[in-house]
Amino acid sequence: MARNSLDLLAFEDWVAFTAEDRAWLQANAAGLVQALVARLQPPAPEDAALFASWLPEWLQTLCSGDYGRSFWERQIKTGKRLAEADIPLPRWAQWLSELRWKQIPSVLGDIFPAAPASLLPGFSLLLAGCEHVIHEGYLQQQSHQLLLEIRGLTQHFDLEEFFPAAAELACRLAGAQGAGLIVREGEYLHYRLFHGLSTQYQGLASLFFPKSEGVSGAALRQGKVIFERDYANSPYAMPDFVAAGLQASLALPLPGPEGAQGVLALSWFAEAPPQRINELVWEHLLLLADLLGALLYRQSLERKLRHMSTRDVLTGLPNRRVAQDRIRAAMARAQRHERLFCLFFLDLDGFKWVNDTLGHHRGDEVLCQVAERLRAAVREEDSIIRYAGDEFLLIIEDIAHVSEMEMIVMRVLAAARLSVAPEQSISASIGVVIYPFDEGSPEEMIRHADQAMYVAKERGGDTWAPYGQYLQETMQEEQQLLRELRLADERHEFRLYWQPIVTLPEQRICGVEALMRWQHPNRGLLAPGAFLEVLEQSVLMDSVAQWVVATAVVEANRWHQGGHLLDIHINLSRRELCSARWIQWCDDLLRRFPAVRRDHLFFEIVERVAIKDIPTVAKQIRSAQRQLGVQFVLDDFGTGASALQHLGELDCAGIKIDKSMISDLQKGSKHYQLVQGLTYLAENLAIEAVAEGVETAEVAELLTQIGVKKAQGYWFARPGPAAAIDTWLEKETCSVSAG
Ligand code: C2E
Ligand code: CA
Ligand code: CA
């Protein structure tokens with residue numbers, strides 16, 4: 001409806017006064033106005049001020065007998081003033097109607113009995129005209145204000161900012177309690193944004209639902225507004241939403257170039273919707289929907305553009321534009337988590353032949369195939385980038401050790417080996433840099449990897465080469481160490497040492513931890529720090545780990561049989577923890593040593609390792625507990641990205657508070673409070689806390705004060721051969737409890 005329809009009014013039609021009436025009015029206006037002012041009350045107490053300033057003048061014009069254009073313009077102005085003052089229109093309509101039907105007739109009858117009879121119907125018609133025009137003025141002003149408000153909204157150029165403001169306005173206009181922005185995603189509808197909706201409702205609405213369903217589905221399909229005042233009994237009612245208390249629902253389609261892109265849905269919960277939504281409100285709701293549609297479309301275009309500019313069209317992989325950003329992000333993560341990451345520069349061997357001989361079309365196919373195989377060869381979180389033609393960059397993160405990189409590069413090489421025609425295959429040459437060994441800028445890292453790739457090419461392809469002296473040397477050293485470790489295994493150079501775990505404050509031995517040593521032929525007795533990382537990367541670890549457990553079980557058998565019911569702690573690496581056969585192997589072993597009290601066997605897993613894959617580790621722990629009847633302990637607790645919140649899930653019998661927290665334990669220090677907190681937590685979870693790395697009497701004393709019940713460290717005893725434990729045991733007697 002056009003708001004300027006006022007011009008079409010034939011003003012004079014509303015004026016039915018005769019010449020006689022007008023003459024009478026001109027003569028008696030003052031008296032009539034006075035009488036009316038005396039009788040009239042403001043429509044509501046809060047309107048008193050406006051009423052007092054406006055009424056006398058308005059009545060004067062009403063009674064003036066002159067009803068030209070300026071009279072009607074004054075009525076328009078009156079309407080605008082009412083809207084500006086935010087006075088509800090019905091209140092004034094009622095006041096006008098009282099004036100028309102009660103006050104004027106009674107004043108004329110009581111005070112001016114001689115007035116012409118046609119005066120009364122004349123006033124009645126005039127006031128009907130005034131009401132109509134005041135209404136128009138009111139709507140004009142309201143519309144103007146709303147437009148200003150909407151113009152204000154359009155200052156939000158982002159959908160995410162625009163929506164809450166627009167939704168708030170839409171709810172206010174329609175008296176609704178909540179709004180949602182629902183978009184089409186393939187075959188589904190999906191709530192993108194919410195306003196004012198309860199969390200319960202948001203929970204429901206966060207589901208995707210088929211695009212044919214609900215009021216929104218219907219509005220989208222039919223491309224028109226759908227308003228269900230009685231939602232529960234509407235054809236579109238969905239049971240979950242009815243149960244959530246949805247009373248009424250209004251869905252406004254959001255226009256787009258290819259039909260509706262989504263829906264602005266208004267919801268009523270607490271109150272029923274108004275009987276009638278006036279036209280002005282409708283217009284503005286539709287305007288809001290149009291604006292939402294425009295922003296939504298712009299956002300989709302932006303997304304498309306961004307995607308296009310950072311994706312390689314052929315393979316769908318990210319393109320070289322993102323390379324430096326990804327490398328920079330990997331650097332930041334590597335620093336934060338103190339890990340390595342490596343960058344592979346991969347160039348295909350023999351690809352030129354494919355293109356030249358089999359044609360570009362086949363070349364494209366091969367590239368896509370390679371992309372797919374590379375994707376499958378690395379982890380989900382690793383990046384693969386199509387750098388140029390047949391060049392790819394791979395960013396492999398979260399690497400603990402150089403040897404881990406070697407395994408991955410072998411897998412990638414295998415993935416790139418591909419037969420492209422009978423007796424013709426392609427392969428890859430890969431140059432490798434590792435951060436932070438190579439800690440240049442991202443461009444430099446790429447350049448170095450590229451240079452290393454050329455080394456691999458020169459060696460005939462289908463191979464890889466590292467960049468830089470340092471990396472080459474480290475790798476050579478590791479190769480050497482691994483060779484020696486193989487020999488060590490053959491020559492039985494590994495030893496198992498034991499360190500007591502004692503009770504506090506008594507300092508009596510209650511358990512022992514098995515710690516591996518290597519009796520190196522010329523470097524002497526080596527602690528695991530010198531070899532374990534490299535060993536764990538190799539299959540050799542499996543047999544060494546079996547040897548550790550078997551040796552530990554033999555000693556445990558001896559101690560338990562001898563009446564010393566020690567807790568036996570054995571360290572477990574990730575390899576064993578994740579191996580499918582390990583539990584069965586342990587079971588076979590333990591059956592051969594029935595004297596071993598399985599409930600006194602504890603396997604220690606490092607917190608950092610355990611939280612890497614909680615579900616798998618938790619499952620493995622539960623199976624081992626069930627089938628073997630052994631317990632698990634989280635080792636080095638407090639060093640990883642804390643497993644605190646996963647303690648429950650992992651089902652561990654205890655934690656070992658890491659020595660980094662124990663060693664500088666002073667009263668009042670941060671660590672003091674941390675250890676206190678952990679002890680308290682462990683007590684509450686009914687799990688055991690063992691303090692590691694106790695090196696001084698003071699620390700032992702502080703731990704006792706805190707209430708730590710078990711501890712381990714050089715202060716009590718250094719790790720030593722099993723015989724050293726025997727000596728300790730001889731000195732005290734550890735009682736065997738029959739239960
Ligand atoms: P861990 O499990 O945290 O073992 C405790 C380490 O702290 C041992 O180092 C021990 O000698 C040392 N330690 C004990 N008391 C003190 C102390 O008062 N002060 C200090 N500064 N250190 C103390 P170790 O024997 O060098 O072992 C290092 C790590 O190697 C172990 O840390 C464990 O994670 C791993 N490890 C040892 N043996 C095995 C094994 O058989 N299998 C596996 N998978 N890992 C093992
Ligand atoms: Ca341990
Ligand atoms: Ca530890």
Side-chain angles (χ1 to χ4, degrees), residues 497-516 527-528 552 555-556 559 564-572 599-607 631-640 642-644 647 652-722 724-729 731-735:
Y497 266 33
W498 294 91
Q499 187 180 30
I501 297 173
V502 302
T503 57
L504 287 180
E506 304 85 0
Q507 304 197 3
R508 287 169 65 92
I509 186 166
C510 61
V512 281
E513 177 176 5
L515 294 162
M516 200 196 312
E555 303 290 8
W559 286 318
H564 302 293
L565 202 51
L566 294 172
D567 287 341
I568 310 293
H569 286 246
I570 302 173
N571 293 288
L572 211 58
D599 54 337
H600 284 265
L601 262 191
F602 291 85
F603 284 104
E604 296 191 358
I605 43 179
V606 178
E607 179 197 32
Q631 302 294 324
F632 284 80
V633 167
L634 275 185
D635 202 356
D636 298 357
F637 199 85
T639 54
S642 172
L644 217 54
L647 258 178
C652 281
I655 54 174
K656 291 187 92 174
I657 305 174
D658 191 64
K659 43 183 170 295
S660 59
M661 272 192 279
I662 303 298
S663 57
D664 47 353
L665 198 69
Q666 304 126 16
K667 212 164 183 177
S669 74
K670 192 176 77 193
H671 283 156
Y672 186 89
Q673 278 157 4
L674 260 171
V675 173
Q676 207 170 22
L678 285 177
T679 312
Y680 180 72
L681 177 86
E683 231 165 67
N684 270 301
L685 291 171
I687 60 178
E688 263 186 0
V690 179
E692 286 187 321
V694 182
E695 292 182 351
T696 62
E698 294 79 63
V699 170
E701 175 54 29
L702 286 171
L703 288 170
T704 308
Q705 272 179 28
I706 290 175
V708 175
K709 299 272 171 6
K710 291 184 177 177
Q712 182 181 354
Y714 295 166
W715 174 251
F716 313 111
R718 284 186 176 261
I725 302 294
D726 294 337
T727 317
W728 183 314
L729 286 172
K731 277 195 242 146
E732 22 170 278
T733 25
C734 209
S735 55

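Note that these values count all heavy atoms, side chains included, but never hydrogens, waters or copies made by symmetry. Keep in mind that what you see is a predicted model, and the values were worked out from it rather than measured.
- Residues forming a side chain to side chain donor-acceptor pair (under 3.5 Å) with T503 (at least two apart in sequence, or on another chain): E506.
- The nearest pair of heavy atoms linking Q666 to Y672 is O-CB, 3.2 Å.
- You'll find the side chain of K656 reaches within 4.5 Å of the side chain of Q712, heavy atoms only.
- Judged as a salt bridge (charged side-chain N to carboxylate O under 4.0 Å, His left out), and not counting sequence neighbours, K709 has no contacts.
- With sequence neighbours left out, D635 forms a salt bridge (charged side-chain N to carboxylate O under 4.0 Å, His left out) with no residue at all.
- Listed here is the closest heavy atom pair of L634 and E607: CD2-CA, 4.2 Å.
- No side-chain heavy atom of L703 sits under 4.5 Å from any side-chain heavy atom of T679.
- Remark: Q676 engages no residue in a side chain to side chain donor-acceptor pair (under 3.5 Å) (not counting sequence neighbours).
- Partners of T704 by side chain to side chain contact (heavy atoms under 4.5 Å, CB included), not counting sequence neighbours, listed by chain and number: L504, P505.
- Between Y680 and I706 there is no side-chain heavy-atom pair separated by less than 4.5 Å.
- Listed by first and then second residue, the salt bridge (Lys or Arg N to Asp or Glu O under 4.0 Å) pairs involving residues 668-683 amount to none (not counting sequence neighbours).
- Taking the side chain to side chain contact (heavy atoms under 4.5 Å, CB included) definition, one finds that A717 meets it with P500, W728, sequence neighbours left out.
- Among all heavy-atom pairs drawn from I570 and A552, the shortest one is CD1-CB, 3.6 Å.
- For the pair L681 and I655, the minimum side-chain heavy-atom distance is 4.5 Å or more.
- One finds the CZ atom of R718 at 12.5 Å from the CG atom of L515 (value rounded to the nearest 0.5 Å).
- With sequence neighbours excluded, no residue forms a salt bridge (charged side-chain N to carboxylate O under 4.0 Å, His left out) with D664.
- The NE2 atom of H569 sits 10.5 Å away from the NE2 atom of H600 when rounded to the nearest 0.5 Å.
- In this structure, the side chains of L674 and I657 stay at 4.5 Å or more apart for every pair of heavy atoms.
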Under 3.5 Å, which donor-acceptor pairs do the side chains of residues 690-702 form with other protein atoms, sequence neighbours left out?
unit_1 : atom_1 : unit_2 : atom_2 : d
T696   : OG1    : V699   : N      : 3.2

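- Distance check: K659 NZ to D636 CG gives 6.0 Å after rounding to the nearest 0.5 Å.
- Among all heavy-atom pairs drawn from F602 and A653, the shortest one is CE2-CB, 4.2 Å.
- Under the side chain to side chain donor-acceptor pair (under 3.5 Å) criterion, Q673 pairs with no residue at all, not counting sequence neighbours.
- No donor-acceptor pair closer than 3.5 Å links the side chain of Q507 to the backbone N or O of F716.
- Looking at E513, its side chain never comes within 3.5 Å of a backbone N or O of I501 through a donor-acceptor pair.
- Every residue two or more places apart in sequence or in another chain was checked for a side chain to side chain donor-acceptor pair (under 3.5 Å) with W498, and none qualifies.
- Between D567 and V512, every side-chain heavy-atom pair lies at or beyond the 4.5 Å cut-off.
- Residues A722 and E555 come closest through the heavy atom pair CB-OE2, 3.5 Å.
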